[in-house]
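What follows is a single structure, written as structure tokens, with notes after it.
Just so it is clear, the structure is predicted and the values come from calculations on it, not from any experiment. Order of the sequence lines sets the chain letters (A, B, ...), proteins ahead of strands, with each chain counted from 1.
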Amino acid sequence: MAEVEKIKENLVYAKNRLLTNEVMHYCPGCSHGTIHKLIAEVIDEMGMEDKAVGISPVGCGVLAYNYIDCDWAESAHGRACAVATGIKRMAPDKMVFTYQGDGDLAAIGTGETIHACNRGENITIIYINNAIYGMTGGQMSPTTLVGQRTATTPQGRDVNLHGYPFKISEMAAMLDGTCYVTRQAVNSPANVRKAKKALRKAFEKPMKGQGLALIEFVSTCNSGWKMSPVAANQWMEENMFPEYPLGDLKERE
Amino acid sequence: MKKEIKLMKGNEAIAEAAVRAGCDGYFGYPITPQTEVIETLMELRPWETTGMVVVQSESETASINMVYGAAACGHKAMTTSSSPGISLMGEGLSYIAGAELPCVVVNVQRGGPGLGTIQPSQADYFQATKAGGHGDFNMLVLAPNSVQEMYDFVGLGFELAFKYLNPVMILSDGVIGQMMEKVVVGDAVPRLTDEEIVEKYGDWALTGKKNRKRNVVTSLELEPLRQEKVNHKLQAKYQRMREEEVRYETIQCEDADYVMVAYGASARMSAKVVEMAREDGYKVGLLRPITLFPFPTEVLREMRDRVKGFLSVEMSAGQMKEDIQLAVGCDAVVENYGRYGGVVHTPGEIYEGLKEKLISKFE
Ligand SMILES: Cc1ncc(C[n+]2csc(CCOP(=O)(O)OP(=O)(O)O)c2C)c(N)n1
Ligand SMILES: [Mg+2]
């Protein structure tokens, strides 16, 4: 891409320098891109780019390592919290964070997630809850809403067959090893600003040795939900927020 | 300097050796017959001396992925388990091989399939040498036959793991893990700092991207032509292992008519059988593979024309036998003997098996 000449006094916003120039593979309208931006900004503002080590999941976030300029390990599906444990125990001075979807974190990786929380590993979990398996083409995940249509629930999620939307953040908040559990969204400028503050806290508290911080982002998957980005945002506000209310679930020193 | 000698169980030797080899992180989950490894480490408290980290994980799946993370930092990471636990590690081992990370994994084998029995076995040979997980990969497999080798192979394992950036498996069994012997304990090797790791092994590890481009540890390559290249590189590495790392021991093979092939506990008993057979006038020898991958194929091929037949002795239904047959060809005589499913054969039983299955064919 040709460099556009920037006139300094007109510049009100720029891509953070820790976001690489790789072309993102995310679908237009999906929340992943905005959350990546926040992560890059917070790491940069904290001056932690040399200390940050990310663990990307299996899911749409698998290639996160191409977009944020710090050291990364790519993990097996669901095992990011175990990989993060290995890294953090070897290098306690590093700011270790996982980036995981609802399938990765709350289905196949439930065991690793809950036990990392319970051990109080000093790591940050960034949890992208879009209520669907985005990467594999839109199947039901544990957090899929009752009645929600997906590729494996074509008639809508039926509680008799599939049980109920799984609230893993509420579970994590109950555990003594977590220091901060919060639920955020990036659906509006106001919420993006709130989410950024929460994200910074979620990075800072584990670095103070206070335990594990989990930040859930209630997110859209317009492709998986088969909606336009605008409709997806609206559907999230109307249907996801009542089931997954935004706000802090737990904070302790 | 006077040598330090200790009386230890095989499993205790693994723990002691890990600390002395400068291991940085051990991650494990209890399972018989190898639980003494983590128990011994928790007793030794190496985090207070060398700084080595010891974590009891929530599962073997977690253990191997913690090892993946620790190894990604360029550190010496290891885990130990027994058969069912190793099955759970299959995916993780494949990721470690794919991402080209070094680590040491110990399997103190027990009888299967399924939950099976906690008694000794050697039925995970295929799993260790051929099918540790999905995809075209190999681990370098060391087979100790004494408590001393349990001790020595931890240090050797790390050396080879870092030389090849590949998982190394120590394939042991419940006999070697549980028995007690004298061990000559080596000098302690200090743990490496981040700077030393970079200097010794290159700048691929996750040490924070200060003064360099970001490092990424991954086994993902979506583009098939590039993934094929990754595979070619791995295969070239395995070929180099075949050329440079074959280790074995022979006992009275020079004039042998009959050669037993055995590793681990079975090799110890077969060594006794060589003596028994020689007393009766049968020219019997023993080949003990010390590396199971790479397998001592050339040595067997070289023996084939002067030997009447081979007997694979293993506590399995005959897994290593296939590698022996492949080495010497299908027209050569290769039999196998072994009690299995947790039963340990005696030298007397092996000798009877040798006579019945092999010697009686010719004499
Ligand atoms: C062991 C294993 N099982 C299944 C898969 C296939 N798979 C890849 S991504 C995925 C689901 C990801 O969903 P989620 O974690 O919600 O992430 P999203 O794509 O929605 O961001 C599955 C099932 C895999 N790669 N590995
Ligand atoms: Mg999802």
Measuring heavy-atom distances to chain B, does [X] have an atom under 4.5 Å in its side chain, in its backbone, in both, or in neither?
X: A:Thr20; result: side chain
X: A:Leu63; result: side chain
X: A:Val96; result: neither

Out of [options], return the one with the most heavy atom pairs under 4.5 angstrom to chain B.
options: A:Val62, A:Val53, A:Asp69; answer: A:Asp69
options: A:Thr85, A:Asp71, A:Ile114, A:Asp50; answer: A:Asp71
options: A:Lys51, A:Met95, A:Lys94; answer: A:Lys94

Output the option from B:Lys210, B:Glu58, B:Glu91 having the highest count of non-hydrogen pairs under 4.5 Å with chain A. B:Glu58
Heavy-atom pairs under 4.5 Å with chain A, option from B:Leu222, B:Asn211, B:Thr218, B:Val53 with the top count: B:Thr218
May I ask you to say whether [X] pairs ionically with [Y], meaning some side-chain N is under 4.0 Å from a carboxylate O?
X: A:Glu45; Y: A:Lys196; answer: yes
X: A:Arg183; Y: A:Glu216; answer: yes
X: B:Asp24; Y: B:Lys76; answer: no

Classify the ring geometry of A:His32 against A:Tyr26: parallel below 30°, tilted from 30° to 60°, perpendicular beyond 60°. parallel
If the plane angle is over 60° it's perpendicular, under 30° parallel, otherwise tilted; pick one for A:Trp72 and A:Phe97. perpendicular
Near-ring test B:Phe158/B:His75, centroid separation under 6.0 angstrom: no
Side chain / backbone / both / neither for [X] at chain A, heavy atoms under 4.5 Å:
X: B:Val55; value: side chain
X: B:Ser59; value: side chain
X: B:Ile64; value: neither
X: B:Ala205; value: backbone
X: B:Asp194; value: side chain

Show the numbers, then the answer: is there a side-chain hydrogen bond (donor to acceptor under 3.5 Å, both in side chains) between A:Asn21 and A:Lys15? CA-CA 10 Å; A:Asn21 288 327; A:Lys15 177 171 81 67; 3.1 Å; yes
What verdict does the side-chain contact (heavy atoms from CB on, under 4.5 Å) test give for B:Leu156 and B:Leu142, after you've listed the backbone C-alpha separation in whole Å, the side-chain angles of each residue and the deciding distance to 0.1 Å? CA-CA 9 Å; B:Leu156 175 64; B:Leu142 297 167; 4.1 Å; yes
Begin from the C-alpha positions of A:Tyr67 and A:Met24 and carry the test side-chain contact (heavy atoms from CB on, under 4.5 Å) through to its verdict. CA-CA 7 Å; A:Tyr67 310 132; A:Met24 278 193 180; 3.9 Å; yes
